[in-house]
Each structure stands twice: as C-alpha cells, then as structure tokens.
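Written out below as structure tokens is the structure these notes cover.
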Amino acid sequence: QVRLVESGGGSVQAGGSLRLSCAVSGYIYRPCMGWFRQAPGKEREGVATIDIDNGSTYYIDSVEGRFTVSQANGKNTLFLQMNSVKPEDTAMYYCAAAASPCTLAPVEHAASYTYRGQGTEVTVSS
C-alpha cells in the first residue's frame with residue numbers, strides 16, 4: 001500500500017524559510033510528484049511539481065523563484081524548500097503523486113493527483 005507522509009511544517013516569520021519533506025513508501029508508478037496547498041476558507045491550489053525521471057520542475061507564478069521542489073533518497077523523498085515566505089503562503093501543504101507525466105498533469109491540477117498525503121501545516125506571520 002502506498003503512503004505519502006509529510007513533515008517539516010511549522011510557524012515562521014515572513015521572509016524566513018522552511019523545508020517540507022514527503023516520505024514515500026510502497027511502490028507505485030508515479031512519474032510526477034508535487035505539492036498542493038489549501039489555505040483556510042480557500043480552494044486547493046497546486047504549488048510545484050517535479051518529473052521523477054528527468055527532474056523537470058514546474059511552479060505556479062506566485063511561488064516561482066521562492067520555492068524549490070526536489071527529490072532524494074532514490075526518489076523516495078520529496079522536498080519543498082520555501083524561501084522568502086509570505087503570510088499568503090499560510091496553508092496546509094500536501095504531497096501528491098500522479099500516475100501521469102508532469103507534462104500531462106499540470107501543476108495547477110496537483111490537488112487532483114491520484115495519491116496524496118495527510119498534509120503538514122505552515123503558518124507565516126507578518
């Protein structure tokens with residue numbers, strides 16, 4: 001059975017940094033992985049994705065240049081490095097995996113990926 005487990009969330013001041021991790025257990029065909037978030041009272045929003053095979057990354061405009069998605073540990077761990085965070089980055093962040101390549105699973109649709117974790121909460125104070 002596949003499990004995605006996020007960690008690394010917490011409270012941080014605006015302008016600070018935080019690194020989220022996602023541990024993947026169990027084998028699944030997941031050519032694309034990424035992160036989406038949901039702020040209180042708002043819809044889910046795809047944030048960043050990475051092609052597992054070639055390492056290509058995709059970001060939404062609001063985090064481009066501030067967030068970096070990466071993988072490690074034989075591709076069983078996914079990271080989201082969050083720099084220069086803003087209060088509007090406050091949300092529950094979820095790790096997700098798609099059964100399709102990232103080119104067919106746009107970052108904007110990361111919240112609809114086949115597999116997802118339980119989330120880790122990020123709070124940015126001004």
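Counting begins at 1 with the first residue of the sequence.
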Note, Y93 side chain near Q38 side chain (heavy atom, < 4.5 Å)
no
From OG1 (T120) to CG (L80), nearest 0.5 Å
11.0 Å
Under the side chain to side chain contact (heavy atoms under 4.5 Å, CB included) test, residues paired with A39 that sit two or more places apart
K42, A91
With sequence neighbours excluded, give me every salt bridge (Lys or Arg N to Asp or Glu O under 4.0 Å) pair touching residues 28-40.
R37-E45, R37-D89
Results of side chain to side chain contact (heavy atoms under 4.5 Å, CB included) for Q81 - residues two or more places apart only
S17, R19, T68, N83
What side-chain donor-acceptor pairs closer than 3.5 Å can you find for residues 109-119, not counting sequence neighbours?
from	atom 1	to	atom 2	distance (Å)
Y113	OH	A105	O	2.6
R116	NH2	A111	O	3.0
R116	NH2	Y113	O	3.4

Please examine the side chains of V124 and K86, heavy atoms only from C-beta on, and report whether any two atoms are closer than 4.5 Å.
no
Starting at CG of N76, measure out to OG of S25 and round the result to the nearest 0.5 Å.
8.5 Å
Distance col, row C22:SG vs E6:CD, nearest 0.5 angstrom, shows 5.5 Å
Side chains of Q71 and I50: does their closest heavy-atom pair fall under 4.5 Å?
yes
Can you name the side-chain hydrogen bond (donor to acceptor under 3.5 Å, both in side chains) partners of T77, sequence neighbours left out?
N73
By side-chain hydrogen bond (donor to acceptor under 3.5 Å, both in side chains), which residues pair with D51, not counting sequence neighbours?
none
Cluster question for you: counting only ILVMFWY and a side-chain heavy-atom cut-off of under 4.5 Å, with indirect links fine, are F67 and V12 together?
yes
For F79, the rest of its hydrophobic cluster, which grows through side-chain links under 4.5 angstrom
none
Among residues at least two apart in sequence or on other chains, which ones pass ring pair (Phe, Tyr, Trp, His ring centres under 6.0 Å) with Y94?
F36
Can you measure from SG (C95) to CE (M33) and round to the nearest 0.5 angstrom?
3.5 Å
Just distance, no hydrogens or angles: give the donor-acceptor pairs under 3.5 Å from side chains in residues 53-60, sequence neighbours left out.
from	atom 1	to	atom 2	distance (Å)
N54	OD1	S56	N	2.8
N54	OD1	S56	OG	2.9
Y59	OH	V69	N	3.0

Those residues at least two apart in sequence (or on a different chain) that pass side chain to side chain contact (heavy atoms under 4.5 Å, CB included) with A23 are none
Indicate, with yes or no, if I52 and I28 share a hydrophobic cluster defined by side-chain heavy-atom contacts under 4.5 Å among Ile, Leu, Val, Met, Phe, Trp and Tyr.
yes
Residues pairing under disulfide (SG to SG under 2.5 Å) where one sits in residues 96-126, two or more places apart or in two chains, turn out to be C32-C102
Residues forming a side chain to side chain contact (heavy atoms under 4.5 Å, CB included) with L104, sequence neighbours excluded
S100, P101
